[in-house]
Student: 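Provided herewith is a single structure, encoded as structure tokens, for subsequent inquiry.
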Number of protein chains: 2
Amino acid sequence: MHSAEPRHRDRRRARHEATKQEILDAAWAMVRAGGLNALSLRALAHDLDMEPQSLYTYFPSKHAVYDHLFAAGNRELLDRFQRVETSDDPRHVLGQIAHLFVSFAADEPARYELLFMRTVPDFEPSPESYALAVDVVSQARSALAALGLDDDADFDMWTALVAGLASQQLANDPHGDRYIRLIDDAVTMFADHVFGTRVPRS
Amino acid sequence: MHSAEPRHRDRRRARHEATKQEILDAAWAMVRAGGLNALSLRALAHDLDMEPQSLYTYFPSKHAVYDHLFAAGNRELLDRFQRVETSDDPRHVLGQIAHLFVSFAADEPARYELLFMRTVPDFEPSPESYALAVDVVSQARSALAALGLDDDADFDMWTALVAGLASQQLANDPHGDRYIRLIDDAVTMFADHVFGTRVPRS
DNA sequence: GTCTATATCCAGATAGAC
DNA sequence: GTCTATCTGGATATAGAC
């Protein structure tokens, strides 16, 4: 497809993409350090030893930067989803999913905020990026369906439970594991509820 | 206590407090309309037909305004907590608490954001306001303890579940009741888990 | 592709006259 | 208690030289 292009074009393109990635890396570092709303093109340029205006060669707007972060976050999450091991024990699968999700949130709170809360004023993902977010939900939905949970209410309950653990972990114990430790118990609670009790407590 | 004060001082003080309240009302309206981070002193002054600088007669800083909103939100929540009816049925009490909490969130998302998420950069509540927030948690904790749930892990699981329903409601269906409808089922799930199953499903 | 220069607008906050 | 005037600094974005 690009074979007709002169070689120096390819090189320039590669350089362009490399710089773009450097900018995105610096952007991740910035939101990691100061929260999602701490992203500023001025500061970003300063970190990269360039003038703020030069960033516009790579991204047409600040929202475009957010959009790339949003897309990358969703791709990472999709990737982790595909590494879930299949198992005959539904509880084992649920446990993996919950762990993966809460870890994803705890690893990088800003990323979780970007993907699942609406905390950046006026930011709307582009259609392409949004499609990735839809994919994530589809993956989760079919993972539960594979366990026999194809009811919408069950799915919503599951996401609420897992999102609750994640958001409480971020809000109340960002550097600890207070809510992460509850995951297995939460899975038991949910599984008992939707599949029927196995081992009643007390 | 103030009986030695001249009457016009009282009147001036009352006028001062009234204006302060007008400012806070306008601030609520602003965050309600545009989100928590949409609060701006300039815009606030404009809405009240005054110059931005005049606001400093009433509040020493923007964070001080946030602090008053934070305190008022917690007072409102405490107030609702005290209206929970006692009952012999723990599930009934849990249901009331969950409803009250998720409704509190759904009624004014910005208020929920201010109280329970950390979305205003650099904002820390004052000690007096923070004490109110601590009161809220205490109230919730003792409400559960009164039902026999005095385990920290049970409390954390409960708050995660309720916070999850609230945050999903705000994020995915802000004007509907998709997650509010799950509350009773969530209470059943939780109660079955901590008290032992009553009526197993399937 | 990067720069200088600039446009435009916004923010929170302070000093001091009235 | 409210105003005018001002400070200081931030932001995103565009035009055009090199």
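A quick note: this is a predicted structure, and the numbers were derived from the prediction, not measured. Residue numbering restarts at 1 for every chain, and letters A, B, ... go by the order of the sequence lines.
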Student: Can you tell me how far P of D:dC7 sits from OH of B:Tyr56, to the nearest Å?
Tutor: 17 Å
Student: I'd like to know if the side chain of A:Thr119 pairs up with that of B:Thr119 as donor and acceptor (distance under 3.5 Å, no hydrogens or angles considered).
Tutor: yes
Student: Looking at every strand, decide which applies to A:Ser54 at a 4.0 Å heavy-atom threshold: base, sugar-phosphate, or nothing.
Tutor: base
Student: For DNA chain D, what residues of residues 42-52 of chain B have any heavy atom nearer than 4.0 Å?
Tutor: B:Met50, B:Glu51
Student: Do B:Tyr179 and B:Asn172 pair up side chain to side chain, a donor and an acceptor below 3.5 Å, judged on atom types alone?
Tutor: yes
Student: Using salt bridge (Lys or Arg N to Asp or Glu O under 4.0 Å), reason through B:Arg75 and B:Asp79 one step at a time and then give a plain yes or no.
Tutor: CA-CA 6 Å; B:Arg75 272 191 292 266; B:Asp79 195 56; over 6 Å; no
Student: If we count only N and O atoms by modelled type, under 3.5 Å, do the side chains of B:Asp154 and B:His193 hold a donor and an acceptor together?
Tutor: no
Student: Categorize B:Thr19 for me: base, sugar-phosphate, or nothing, with a 4.0 angstrom heavy-atom threshold over every strand shown.
Tutor: nothing
Student: Just checking, any donor-acceptor pair under 3.5 angstrom between side chains of B:Ser54 and B:Thr57?
Tutor: no
Student: At the 4.0 Å heavy-atom cut-off to chain A, mark where contacts on DNA chain C begin and end, going 5' to 3'.
Tutor: C:dG1 to C:dT6
Student: Considering every strand and a 4.0 Å limit on heavy-atom distances, what is the contact class for A:Thr57: base, sugar-phosphate, or nothing?
Tutor: base
Student: Tell me the side chain to side chain donor-acceptor pair (under 3.5 Å) pairs involving residues 131-144 of chain A, sequence neighbours left out?
Tutor: A:Arg141-A:Asp152
Student: To the nearest angstrom, how far is A:Phe59 atom CZ from D:dT14 atom P?
Tutor: 16 Å
Student: On the six-membered ring of A:Phe104, is A:Arg80 placed so that its NZ or CZ lies under 6.0 angstrom from the centre and within 45° of the ring axis?
Tutor: no
Student: Supply the atom-to-atom distance B:His16 NE2 to B:Arg12 CZ, rounded to the nearest 0.5 angstrom.
Tutor: 9.5 Å
